[in-house]
Amino acid sequence: MVWTRLPLYGHSKPSTGGWQPLRFDGGAFHLKRTAELARALLVLRLCAWPPLVTHGLAFQAWSQRLLGSRLSGALLRASIYGQFVAGETAEEVRGCVQQLQAIGLQPLLAVPTEEEPDSAAKTSEAWYEGNLSAMLHCVDLSRAVADAHGPARNSLMQLKVTALTSPRLCKELSAWIQRPRGSSELRPERLAEAMESGRNLQLSCLSTEQNQHLQASLSRLHRVAQHARAQDVRLLVDAEYTFINPALSLLVAALAMRWNSSEEEGPWVWNTYQAYLKDTHERLERDAKAAHEAGLAFGVKLVRGAYLDKERSVTQLHGKEDCTQPDYEATSRSYSRCLELMLRRVSNHGPRCHLMVASHNEESIRQATRRMWELGIPLDGPVCFGQLLGMCDHVSLALGQAGYMVYKSIPYGCLEEVIPYLIRRAQENRSVLQGARREQALLSQELWRRLLGRKA
């Protein structure tokens, strides 16, 4: 397959040879060992079974009682943990990343944290400070495992804001932001100044205790961003539930004012936009324009979204208007519009605008690669792709072998902490797991081919 590379960020027309779509037919599975393919098929089939996802924590507790912690842990490590997690130690993570880099993929490390609202230990300042240490370590690990042959800008990691600040505070701030006139106190400029100076904020909409927690949270966020910039690691902020997203966007905007200036070599802090929300295209267009007018670089991770069921149940509970798209087809149309918007901005604004196409949907990937070719965006430029570790390898491998920048979202940590995290993510991503039937069919097809000794 021949790809014609056009001038960097230019507006040249496609070559007369025409665009050739990538083939996501599992042909790149030859890069994987048979044992890896067999485990992937088994685990994906298990995860597509609704009772296992719904009652995952109960199944885990039952297996520990029946088999004992050691045997139960060994089975999990050989299956679900081994499929979706890089490992526990830095050496295990480095080994996983090296295997990915050898087949053309890059790491996007994630610290798995799960707040428990009813647990005093997991809502205390000490817990958030412990998460800060984990995030700083993730920055160092992301730098340490970066591809030595690639540019420094290729180092990325995920940042979950509610690992460093209370969701309850974010909910309170979001409620104020969403009032008809909002609050003049809740401006990104003011929060950015407080981040940098360390001077205490005194917001009238918050109690004394909440103000103290907000200041500590701003300090933690600033320390992570400062350390990440020093280590040449870009931060991709995770989206969370809609009822706290206004506060998350405010905090990200404050970080961006400090770290996404035009002198800082592109965006160092990116936000995530969820296409399954009705207002995403409007917000994306507004935020991109605001960043351009402020002279800031703009980084976007574009996803379909993983909280649909929870969002709808909360909306029904409170009798509010549904903020989500009515169905998957509408979400796909929203994703396509947002993707087109961002690719055009990348084409027009070059290195000041970066995009991660975070999708497992083959049609979205095809749209992105086709439009990149038509707009003259180079394969190694400011557009990259992202999928989850252990899933969608038939797409990831095909993209990587064609020369695109492809990242796999990689959680790491001890079994006891990561399994509850994986089960909750599985519950949030039911549609993705149940929609992986095509990947299962391709895996099965490749395994049968190897078993029968047929040539590819």
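Just so we're clear, the structure is a prediction, and the values are computed from it rather than from any experiment.
For the pair R304 and Y276, the cation-pi criterion (under 6.0 Å, within 45° of the ring axis) is not fulfilled. Judged by a 6.0 Å distance limit and a 45° cone about the ring axis, R229 is not positioned over the six-membered ring of W259. Judged by a 6.0 Å distance limit and a 45° cone about the ring axis, R179 is positioned over the six-membered ring of W176.
Judged as a salt bridge (charged side-chain N to carboxylate O under 4.0 Å, His left out), and not counting sequence neighbours, R45 has no contacts. Qualifying side chain to side chain contact (heavy atoms under 4.5 Å, CB included) partners for D287, counting only residues two or more places apart in sequence or in other chains: Y273, F298. For E362, the side chain to side chain contact (heavy atoms under 4.5 Å, CB included) test picks out F24, R366, H394, V395, R438, with sequence neighbours left out. Looking at residues two or more places apart in sequence or on another chain, you find a side chain to side chain contact (heavy atoms under 4.5 Å, CB included) between A110 and Q158. Applying the salt bridge (charged side-chain N to carboxylate O under 4.0 Å, His left out) rule to R223 yields no partners; only residues at least two apart in sequence or on another chain are considered. With sequence neighbours left out, the side chain to side chain contact (heavy atoms under 4.5 Å, CB included) criterion links I80 to V43, F84, L422.
Under the 3.5 Å distance criterion, with hydrogens and angles disregarded, no donor-acceptor pair is assigned to the side chains of E240 and N245. Between the side chains of S409 and Q387, no donor N or O sits under 3.5 Å from an acceptor N or O. Neither side chain, T280 nor Q274, offers a donor N or O lying under 3.5 Å from an acceptor on the other.
Side chains of R199 and E193 form a contact here, defined as non-hydrogen atoms less than 4.5 Å apart.
Taking CG from L389 and OH from Y412, the interatomic distance works out to 14.0 Å, rounded to the nearest 0.5 Å.
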task: Give the intermediate values and the outcome of salt bridge (charged side-chain N to carboxylate O under 4.0 Å, His left out) for residues R449 and E446.
output: CA-CA 5 Å; R449 185 192 66 78; E446 174 64 14; 2.6 Å; yes
